[in-house]
Amino acid sequence: MSYSVGQVSGFAGITVRTLHHYDKAGLLSPSDRSPAGYRLYSDADLSRLQQILFYRELGFPLDEIATILEDPQANALDHLRARHRLLNDQISKLQRLVEVAEQAMEVQQTGVELSPEERFEVFGEVTFDLTYATQAHLKWQHRESYQRSMARAAGHSKEDWAKIMAEAADWRLRLTAAFDAGEPADGERAMDLAEEHRQHIARWFTPCPNDVHGRIADGFVTDPRAFALAVPPNEQRPGLAPYLRTAVHANAVRRSPADNA
């Protein structure tokens with residue numbers, strides 16, 4: 001059977017212009033012509049077109065496709081292996097670009113309005129899994145309390161962030177020291193550290209009454225990313241997250257409702 005250019009265009013899902021281009025390039029010329037001079041494609045032509053489209057989908061340039069189809073000595077498998085390596089390289093590069101873009105979006109959602117140089121100066125080598133901040137943003141972005149918290153964070157200067165980091169680092173040293181010394185999680189020393197943590201959040205980010213602080217501490221145990229915001233992974237110990245959660249809840253019990261601000 002013979003098929004017109006329009007029919008082949010519909011079969012293959014490509015434009016008539018593309019078929020004309022393949023003909024002009026010598027890649028796929030119709031086997032016949034109608035009495036009126038119109039191009040007509042045979043079943044063999046359609047089979048060749050199928051191969052062309054297969055290689056085009058893999059990103060082969062037309063001249064390389066022509067080599068594969070026309071040279072009986074050409075090893076199609078070698079060409080496919082080379083293309084496979086190239087595609088894997090491209091996928092790796094694109095994945096890295098995706099990760100960079102995701103990190104950039106996540107950083108924008110943390111509320112830390114610092115230049116890259118200022119970020120490094122303040123935070124140094126400290127890194128966080130920012131997916132936690134991103135998920136929090138998506139979940140709570142329309143809540144007024146969350147918006148206020150982000151606004152406060154965005155308003156902090158480089159000097160403010162330096163103070164926040166220094167304060168947090170000193171607190172972590174004393175927390176891990178109490179934990180390593182075997183201080184009970186519901187003892188005075190651990191509860192005082194829990195109260196410091198609550199006040200740190202309230203002072204720099206958002207009001208943190210006991211119930212809110214308790215939910216934050218619960219998250220330390222259920223989501224490692226949340227705990228990493230309080231204690232970086234390289235400073236953590238097995239059991240430290242539940243230790244801090246117990247201290248937070250014990251601190252809430254000892255505080256009177258009047259102090260729950």
Side-chain angles (χ1 to χ4, degrees), residues 106 109-112 122-140 143-153 155-156 159-261:
E106 289 163 358
Q109 293 170 356
T110 62
V112 182
V122 172
F123 297 104
E125 299 294 337
V126 176
T127 58
F128 305 106
D129 184 345
L130 295 176
T131 59
Y132 183 80
T134 299
Q135 289 178 1
H137 176 78
L138 294 174
K139 185 176 181 180
W140 307 112
R143 292 204 173 188
E144 185 178 349
S145 59
Y146 179 84
Q147 293 171 356
R148 286 198 302 268
S149 175
M150 290 297 98
R152 285 190 65 186
H156 292 331
E159 291 73 21
D160 290 334
W161 282 108
K163 291 177 183 177
I164 292 169
M165 293 298 290
E167 192 175 287
D170 175 69
W171 173 81
R172 291 196 305 271
L173 282 174
R174 289 182 288 113
L175 173 68
T176 53
F179 179 79
D180 292 342
E183 293 281 347
D186 58 355
E188 290 295 320
R189 185 174 173 186
M191 288 191 292
D192 287 347
L193 286 163
E195 176 63 15
E196 279 191 46
H197 183 260
R198 189 190 70 82
Q199 292 182 11
H200 174 87
I201 295 172
R203 181 164 53 254
W204 293 109
F205 299 105
T206 186
C208 189
N210 285 331
D211 58 337
V212 172
H213 198 211
R215 289 195 294 272
I216 292 172
D218 291 340
F220 292 160
V221 176
T222 59
D223 193 333
R225 300 170 304 169
F227 188 50
L229 295 176
V231 181
N234 64 320
E235 298 180 24
Q236 294 178 13
R237 282 102 159 117
L240 184 59
Y243 178 87
L244 179 56
R245 180 184 62 175
T246 299
V248 167
H249 285 288
N251 179 59
V253 171
R254 75 166 177 171
R255 297 183 69 246
S256 66
D259 296 328
N260 191 36

Closest approach of [X] to [Y] (non-hydrogen atoms, all atoms of both residues):
X      : Y      : value
Trp171 : Leu193 : NE1-O, 2.8 Å
Ala247 : Ala190 : CB-O, 3.7 Å
Ala181 : Arg189 : CB-NH1, 4.3 Å

**OP:** Using the six-membered ring wherever Trp is involved, compare the ring planes of Phe179 and Tyr243 and label them parallel, tilted or perpendicular (cut-offs 30° and 60°).
**Re:**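 Ring orientation, 0 to 90° scale: perpendicular.
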
State the [atom1]-[atom2] distance between [X] and [Y], to the nearest 0.5 angstrom.
X      : Y      : atom1 : atom2 : result
Met165 : Asp170 : CE    : CG    : 13.0 Å
His213 : Glu195 : NE2   : CD    : 8.0 Å
Leu175 : Asp180 : CG    : CG    : 9.0 Å
Ile216 : Ile201 : CD1   : CD1   : 4.0 Å
Glu196 : Asn251 : CD    : CG    : 10.5 Å
Gln236 : Phe220 : CD    : CZ    : 10.5 Å

**OP:** Could you please spell out the steps behind the side-chain contact (heavy atoms from CB on, under 4.5 Å) verdict for Glu188 and Asp192?
**Re:** CA-CA 6 Å; Glu188 290 295 320; Asp192 287 347; 4.3 Å; yes

**OP:** With sequence neighbours left out, write down each residue that passes side chain to side chain contact (heavy atoms under 4.5 Å, CB included) with Arg203, or none if nothing qualifies.
**Re:**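 For Arg203, the residues satisfying side chain to side chain contact (heavy atoms under 4.5 Å, CB included) (neighbours in sequence not counted) are Glu167, Gln199, His200.
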
Original post:
Between the main-chain N or O of Cys208 and the side-chain N or O of Arg198, is there a donor-acceptor pair closer than 3.5 Å?
Top reply: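 It does hold such a pair.
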
**OP:** For the pair Arg237 (side chain) and Glu235 (backbone), establish whether a donor and an acceptor sit closer than 3.5 Å, ignoring hydrogens and angles.
**Re:**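 A pair under 3.5 Å: yes.
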
**OP:** For Asp186, check side chain to side chain donor-acceptor pair (under 3.5 Å) against everything at least two apart and list the hits.
**Re:**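 For Asp186, no residue satisfies side chain to side chain donor-acceptor pair (under 3.5 Å) once neighbours in sequence are set aside.
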
